[in-house]
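Presented below is the structure to which this report refers.
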Amino acid sequence: MIQVAKVVVDVPSKGTDRPFDYLVPEELIGEVQLGSRVEVPFGPRKILGYVVGISLSSSAQKLKNILDVKDILPPLTQELLQLGQAMAEEYFCHTITAFQSMIPAVLKGKYQKKIHLGSKAIPFDGAAEGLQQLLEKKSSCSYEEAEQLVGRAVLRKLIQNQSVLVEEHVGDRVTKERISWVRLIDQVDIRMIPARAKKQHEVMQYLLNDLKEIPLPTLLAATGANRQTVKALEERGMVRIEEREQYRDPYRNASFVPSVPLALTEEQQKAYETITKPIKEEHYETILLHGVTGSGKTEIYLQSIEEVLNKEKEAIVLVPEISLTPQMVDRFKGRFGDKVAVLHSRLSAGERYDEWRKIRRGEVQVAIGARSAIFAPFTNLGLIIIDEEHESSYKQEESPRYHAREIARWRAQFHQAAVVLGSATPSLESYFHARTNVYSWVTLQERVQGRPFPTIKTVDMREELKSGNRTMFSKDLTTSIQETISRGEQVVLFLNRRGYATFVLCRSCGEVANCEHCDIALTYHHTNRTVRCHYCGYTENVPTSCPNCQSEHIRHFGTGTQKVEEELGKHFPGIRVIRMDMDTTSKKGSHERLLRSFGEGEADILLGTQMIAKGLDFPKVTLVGVIAADSMLHLPDFRSVERTYQLLTQVSGRAGRHEQPGKVIIQTYQEDHYSIQMVANHESETFYRKELLLRKQHHYPPFCGLFTITISHTDRVLAMKRAVEIANLLKGNNGYEVLGPVAPSVSKIKDRYRIQVMVKYTHDFEVIREIQSKWRTIEEWPKDKELRIQIDRDGEIGVSANVHTQHREISRSHS
DNA sequence: AGCACGCCGACT
DNA sequence: GTCGGCGTGCTC
């Protein structure tokens, strides 16, 4: 009986985005399983692929053999195979791309070809001689090197007549850390060791007294012996030294204080019961846990997970990368110990792989990590928690452009598990689904131990300027900072912009220094007197004269974190400031280090961008200042108001989380804007209703779905030409509306001109199918090398709710 | 995506 | 002639 495997190969292209049939050779039958990562011949080369099906026959003309199976346990479970195929459809990506996004990077293929001297001599002619010499010296060289040396045709000839050999290497990048263990051999007689070998006796005593086996480094440290001593014992047959594979546990040297469940408040208890109901009854449900900052959501998570573990099921916890701090990890490790695997971007590729394997092998039951941890290969999921669910980092910005919420919903439906979306400031779509009963909804309105909310005050900076204050700190903020620090308490200052100033401008001709590769102003950085592009990283020295008019009246304008830091020093002599932004936290571990030293009171002020807005919990912080609240209010994005509201609420939540009450000062030029007013007045309900109504009026998600097609090309005209063709193809259909082509706010990035076409569509199966088929047509169009087209879906995949009822519900609830 | 094949213009 | 450029088509 023959066995045929259907393999999705590692070639991300339109023509190869389907399974190819391969014969499973006899010796691999049983080893080749669904989800296996296999090496296969594909055309003239060898590549990796994933087994998506196994059958007994094939309609293909000729079958090649599978060459190898790369892992003992298939990296993809059957569930993930299905999910990958669903993702390919929903996100317009190749199936292989979806698969790649679900597994650790070390499992991705690494292909290289090497040239060796062959069995026959290289014929003596000019070109080949150099190669001959090279290969005699080095024994092998890369394919590219050889091709460059002798030319393509000659190399091909040499390969054909076997003068040189091509060795293909299909590697995985797996590196397994190995460590030596020392094992005592049963029934040894230590009298066989000469008395003068004192160290050997000591080591044997240690082993006999204590353990029968121990890692070599531990043994050496404990006895003060060296490697040679142990080697000598091995030669005497007293011990055996063996190499064992070992997980690189990034937390192996850390100890965690065990934590016990805390008593829940009445509110928390209610939330806990809502969450554990579907877990107990084992059915799918999504619950929005809408809890104000400091309301103790984490404790509810922990106790809900406990319930899942009792049912012998598993849980995934997603947190935004930025709040995956040691504080957070400690709490989970403290409660669940070695049942937890942690996946975050600071791990090395090898460490990540090891954590992932613990999950795949069923050695842990809880996975905590950033976005991609949503693919944790559990087989019996009971619960998925997405903390700070409104965070934009849950959306992947490269293909496959998925949102972790959508994957969570899909997996939970597959496993009949619960999804908990936790946030103090839910995304508008989640709030909407909660209101319309697509999700269950629980709210936590009180802070733990009845701690009061901070008082929030807004300051109109236009008035400040009128009254003669030309600094970036209002009178109110200045005195508050002074008071707070003199009480020995701490301040958090927030500014959504790094660098020193926002842009560099010539005062003679008005020229703004722009990036040569992107349509964006360069940002001035004071420390090394450079201007940098925050899109592509381009850096140059700050111009001393205007490139346009040669005037030397060049100045920087606007405010960044670096400048605030400097101004703080001038305003408050002797003040200790810690600045946290992309520039000061780029090094590994610096994020943690800065936070720790602030927590230990080594600074009075923590000044930072986005990254200090959430999750931080420092008892001594009683004042939060927002330098410029409106910096992102008017970005050309329909979510900019929502984002401003969320950010301000989150930052405010950093104040007064413990005994001392907190105070928040928000400086703004738009004091009367509803989002800022509603943050100040703690009017969350009103904000959500108003914003939803606006979305409805202007026809934006969640009231419709949105595709954004971005066409980019090195030639602006060609980009526009193709954009117009795409828009025309899509236009004139029922059920969806085409906008554009328009130039996006950043119309050039890295030397590529960008044009966008947007499609607003109703959440209707037929409509989506129609757009999908149109997209297929677009994909068929001839492409030139420089043209790139990407499509991003912003809508609710997998929410089965009648949109028309939802519309009615919202109008009703608001009136 | 690679890679081969094949067609074509440009040079020793 | 043959070297190398690029368009086309295929990969179980």
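In what follows, chains carry the letters A, B, and so on, assigned in the order in which the sequence lines appear, proteins first and then strands, with residues in each chain numbered from 1. Note that the coordinates shown come from a computational prediction; the quantities given were computed from them, not determined experimentally. These values consider heavy atoms only, across backbone and side chains, with no hydrogens, waters or symmetry-generated copies.
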#### Entry: Verdict with supporting geometry, R357(A) and E363(A), salt bridge (Lys or Arg N to Asp or Glu O under 4.0 Å)
CA-CA 8 Å; R357(A) 270 189 305 164; E363(A) 296 167 358; over 6 Å; no
### Task
Would you indicate what F42(A) reaches in the nucleic acid, counting non-hydrogen atoms under 4.0 angstrom: base, sugar-phosphate, or nothing?
base
### Message
Using whole Å, what does the distance between atom P of nucleotide dA1(B) and atom CZ of R18(A) come to?
### Response
16 Å
### Query
Looking at DNA chain C, which of residues 8-15 of chain A put a heavy atom within less than 4.0 Å of it?
none
### Message
I need the CD1-P distance between I96(A) and dA1(B), as an integer number of Å.
### Response
14 Å
### Query
Contact class for P41(A) (heavy atom, under 4.0 Å): base, sugar-phosphate, or nothing?
sugar-phosphate
### Query
Once you round it to whole Å, what is the distance between P of dC12(C) and CD1 of I66(A)?
13 Å
### Query
Choosing from dC12(C), dC3(B), dT11(C), which nucleotide comes nearest the side chain of D21(A)?
dC12(C)
### Message
In this structure, how many angstroms lie between the P atom of dT11(C) and the CG atom of L63(A), rounded?
### Response
13 Å
### Distance, rounded to the nearest Å, where K64(A) contributes NZ and dT11(C) contributes P
9 Å
### Query
Is R45(A) side chain donor-acceptor paired with the dA4(B) base, going by distance under 3.5 Å alone?
no
#### Entry: Chi angles and distances behind the side-chain hydrogen bond (donor to acceptor under 3.5 Å, both in side chains) call for S36(A), E31(A)
CA-CA 8 Å; S36(A) 286; E31(A) 266 197 75; over 6 Å; no
### Query
To the nearest Å, how far apart are Q3(A) CD and dC12(C) P?
19 Å
### Task
Measure from CD on E786(A) to P on dC6(C) and round the result to the nearest Å.
12 Å
### Query
Does atom CD of E26(A) have more than 12 heavy-atom neighbours, drawn from other residues, nucleotides or ligands, at distances under 6.0 Å?
no
### Message
Taking the cut-offs as 6.0 angstrom to the six-membered ring centre and 45 degrees off its axis, would you call K6(A) and F20(A) a cation-pi pair?
### Response
no
### Task
Flag this pair as yes if the NZ/CZ of R45(A) is under 6.0 angstrom from the six-membered ring centre of F42(A) and inside a 45 degree cone about the axis; otherwise no.
no
### Query
Do I47(A) and Y111(A) come within less than 4.5 Å of each other through their side chains, counting heavy atoms only?
yes
### Task
For E779(A) and dA1(B), give me the distance from atom CD to atom P, rounded to whole Å.
11 Å
### Query
If we require ring centres under 5.5 Å and near-parallel planes under 30°, does F20(A) stack on dC12(C)?
no
#### Entry: Pairing of K395(A) and D792(A) as salt bridge, 4.0 angstrom limit
yes
